[in-house]
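Reckoned from all heavy atoms, side chains included, excluding hydrogens, waters and symmetry mates. Lettering of chains follows the sequences in order, A, B, ..., and the numbering in each one begins at 1.
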Number of protein chains: 2
Amino acid sequence: MQNSFTEENYLKIIHSLSGREGTEVSTNALAESTSTRAASVTDMLRKLAEKGLIHYKKYQGVRLTDSGEKVAIQVIRKHRLWEVFLVEKLGFGWDEVHDIAEELEHIPSEILVEKLDRFLGHPKFDPHGDPIPDAKGNLTEPDYTILTDVHIGEKVLMMGVLDHAPSFLQHLDRSGITLGAVIEVKEINEYDKSASVQINGGPTLFISLEVSKNLLVQRR
Amino acid sequence: MQNSFTEENYLKIIHSLSGREGTEVSTNALAESTSTRAASVTDMLRKLAEKGLIHYKKYQGVRLTDSGEKVAIQVIRKHRLWEVFLVEKLGFGWDEVHDIAEELEHIPSEILVEKLDRFLGHPKFDPHGDPIPDAKGNLTEPDYTILTDVHIGEKVLMMGVLDHAPSFLQHLDRSGITLGAVIEVKEINEYDKSASVQINGGPTLFISLEVSKNLLVQRR
DNA sequence: ATATATTTTTAGATAAGTCTAAATTTTTTA
DNA sequence: TAAAAAATTTAGACTTATCTAAAAATATAT
Ligand SMILES: [Mn+2]
Ligand SMILES: [Mn+2]
Ligand SMILES: [Mn+2]
Ligand SMILES: [Mn+2]
């Protein structure tokens with residue numbers, strides 16, 4: 001039996017909310033993320049448990065089963081590959097592709113994904129710096145640092161974002177902060193944790209804590 | 001308001017069944033084509049009429065309105081562009097792409113279609129020789145000849161197929177009959193209308209009436 | 001022209017995914 | 001540890017797209 005769009009979206013969200021350690025996800029958290037009501041989530045959880053995709057005990061929160069994890073990762077793989085296609089081949093901006101990929105990720109067909117992957121040259125990361133699971137379902141999250149943890153004087157590489165909202169990505173575009181940019185922290189203001197950073201050895205700019213909190217970087 | 005997958009499929013099928021002259025389509029014909037029951041079709045027709053997408057009077061069959069025609073043609077445009085993508089860029093065979101395109105055609109986003117069209121170089125025909133409507137919704141059906149109407153001695157160009165079934169397309173592959181091939185009719189058997197044809201000035205082969213009936217060609 | 005056959009529509013159900021309101025369970029606080 | 005608050009589940013309802021069975025309309029045949 002096939003999984004519906006809705007079921008796939010739930011699995012993907014459970015995967016994302018339960019994080020690296022696979023901790024329990026609450027009904028309310030899912031209601032929030034899926035923009036539905038808690039009662040609707042409960043109904044869906046019963047169904048997913050029925051299908052063996054999640055571990056679910058009433059009032060105890062949920063975790064993915066191995067089978068559910070597999071489905072979630074395949075959906076994530078498709079989402080990220082399509083995003084690469086949209087940006088690299090069709091010329092979309094990284095701020096424009098999320099919603100379209102949200103639909104494309106549900107197109108069934110193993111062969112399609114594999115051919116797309118080959119066509120794109122087996123990319124390892126999507127346009128937002130997120131890792132793309134391989135065909136076997138191996139997904140290794142690189143351990144990046146959040147910019148707020150970087151000290152004055154350090155030079156780091158911009159590797160990804162935590163917030164994927166178009167408005168945030170457009171803000172980064174306007175600031176010249178793109179994937180691969182070299183960021184040197186020049187100054188951190190004690191009062192509001194805003195910072196002065198130099199981008200690619202060029203212009204220096206102020207960024208708020210809100211921005212720093214959402215930038216993933218790598219020390220070199 | 002958006003149209004659902006189901007609504008789009010109905011509109012596309014009505015377009016196809018009502019042909020060039022836009023003749024009325026019967027409930028039963030739609031039930032057949034959509035693999036549903038007549039009662040379900042009636043329900044959907046009421047809804048489509050409600051939305052102003054079809055002209056519908058009880059017991060009288062249906063036609064697309066201008067608005068419905070526009071939607072149908074956009075879906076057809078997307079279907080055929082995605083088929084070009086799958087064959088030209090991903091390396092699928094022409095016999096493998098229909099079902100996948102049947103899903104991709106419902107992905108919403110004007111911009112996506114236009115960028116895809118540009119990426120593909122504004123193709124005029126899909127892998128089966130069917131014309132691709134332009135961005136404004138202009139769809140001109142070229143008037144091809146069916147191979148059964150070609151006389152002995154004539155040399156024609158293979159331009160398209162009427163049957164899109166994978167089994168038929170695979171049969172053509174095995175026979176070396178591809179789009180653009182030159183077909184010379186050498187002999188027609190009176191008894192069963194089977195024919196001997198020479199492909200690209202090379203091998204001669206026998207084809208049944210069943211095959212001839214589904215080949216669209218152009219006189220030169 | 002009337003009876004018969006075919007086509008189409010209506011009536012009443014079902015499953016998926018959602019909702020609100022009420023009941024229940026768990027957690028927190030005093 | 002008992003009361004209050006928060007989280008979760010249940011009950012009952014709605015919408016979409018489908019179904020079967022029965023009724024109504026149209027077409028065909030004697
Ligand atoms: Mn999605
Ligand atoms: Mn992404
Ligand atoms: Mn379709
Ligand atoms: Mn086609």
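- Distance CG (Asp43(B)) to P (dT20(D)): 13 Å, rounded to an integer number of Å.
- Contacts of Thr6(A) with the nucleic acid, taken as non-hydrogen atoms under 4.0 Å apart, involve only primed sugar atoms and P, OP1 or OP2.
- Neither OP1 nor OP2 of dA7(D) sits under 4.0 Å from any side-chain N or O of Thr27(A).
- Rounding to whole angstrom units, CG of residue Leu30(A) and C1' of dT8(D) are separated by 12 Å.
- Counting non-hydrogen atoms of other residues, nucleotides and ligands closer than 6.0 Å to CD of Glu141(A) gives a total above 12.
- Between Asn28(B) atom CG and dA27(D) atom P the separation is 13 Å, expressed in whole Å.
- Rounded to a whole Å, the CD atom of Glu32(A) is 16 Å from the P atom of dA6(D).
- Contact of the Ile107(B) side chain with the Leu112(B) side chain is registered, since non-hydrogen atoms from C-beta on lie closer than 4.5 Å.
- Following rounding to the nearest Å, Gln2(B) (CD) and dT16(D) (P) show an atom-to-atom distance of 14 Å.
- Taking every heavy atom of residues 9-16 of chain A and every atom of DNA chain D, no pair lies under 4.0 Å.
- Salt bridge Lys12(A)/Glu102(A): present, at least one basic N to carboxylate O contact under 4.0 Å.
- The shortest distance between the side-chain N/O atoms of Lys58(A) and the OP1/OP2 oxygens of dT10(D) is below 4.0 Å.
- Lys51(B) places its NZ atom 9 Å from the P atom of dT16(D), with the value rounded to the nearest Å.
- A straight line from CD of Glu24(B) to P of dA27(D) spans 12 Å, rounded to a whole angstrom.
- Using a 4.0 Å heavy-atom distance criterion, Tyr56(B) is classed as a sugar-phosphate-only contact.
- Contact annotation: Thr42(B) does not reach the phosphate of dT8(C) (side-chain N/O to OP1 or OP2, under 4.0 Å).
- Using the six-membered ring where Trp is involved, Trp82(B) and Trp82(A) have ring planes that are perpendicular, over 60° apart on the 30 and 60° scheme.
- One finds no side-chain N or O of Tyr59(A) lying less than 4.0 angstrom from the OP1 or OP2 phosphate oxygen of dA23(C).
- Under 4.0 angstrom from either OP1 or OP2 of dT18(D) there lies no side-chain N or O belonging to Arg37(B).
- No side-chain heavy atom of His106(B) sits less than 4.5 Å from a side-chain heavy atom of Glu103(B).
- In this structure, the CD atom of Gln60(B) is 15 Å from the P atom of dT7(C), given to the nearest Å.
- Using a 30° and 60° split on the angle between ring planes, Phe85(B) and Phe119(A) fall in the perpendicular class, above 60°.
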For the pair Glu21(B) and Arg63(B), evaluate salt bridge (Lys or Arg N to Asp or Glu O under 4.0 Å) and give the outcome as yes or no after the intermediate values. CA-CA 10 Å; Glu21(B) 313 81 21; Arg63(B) 278 180 309 113; over 6 Å; no

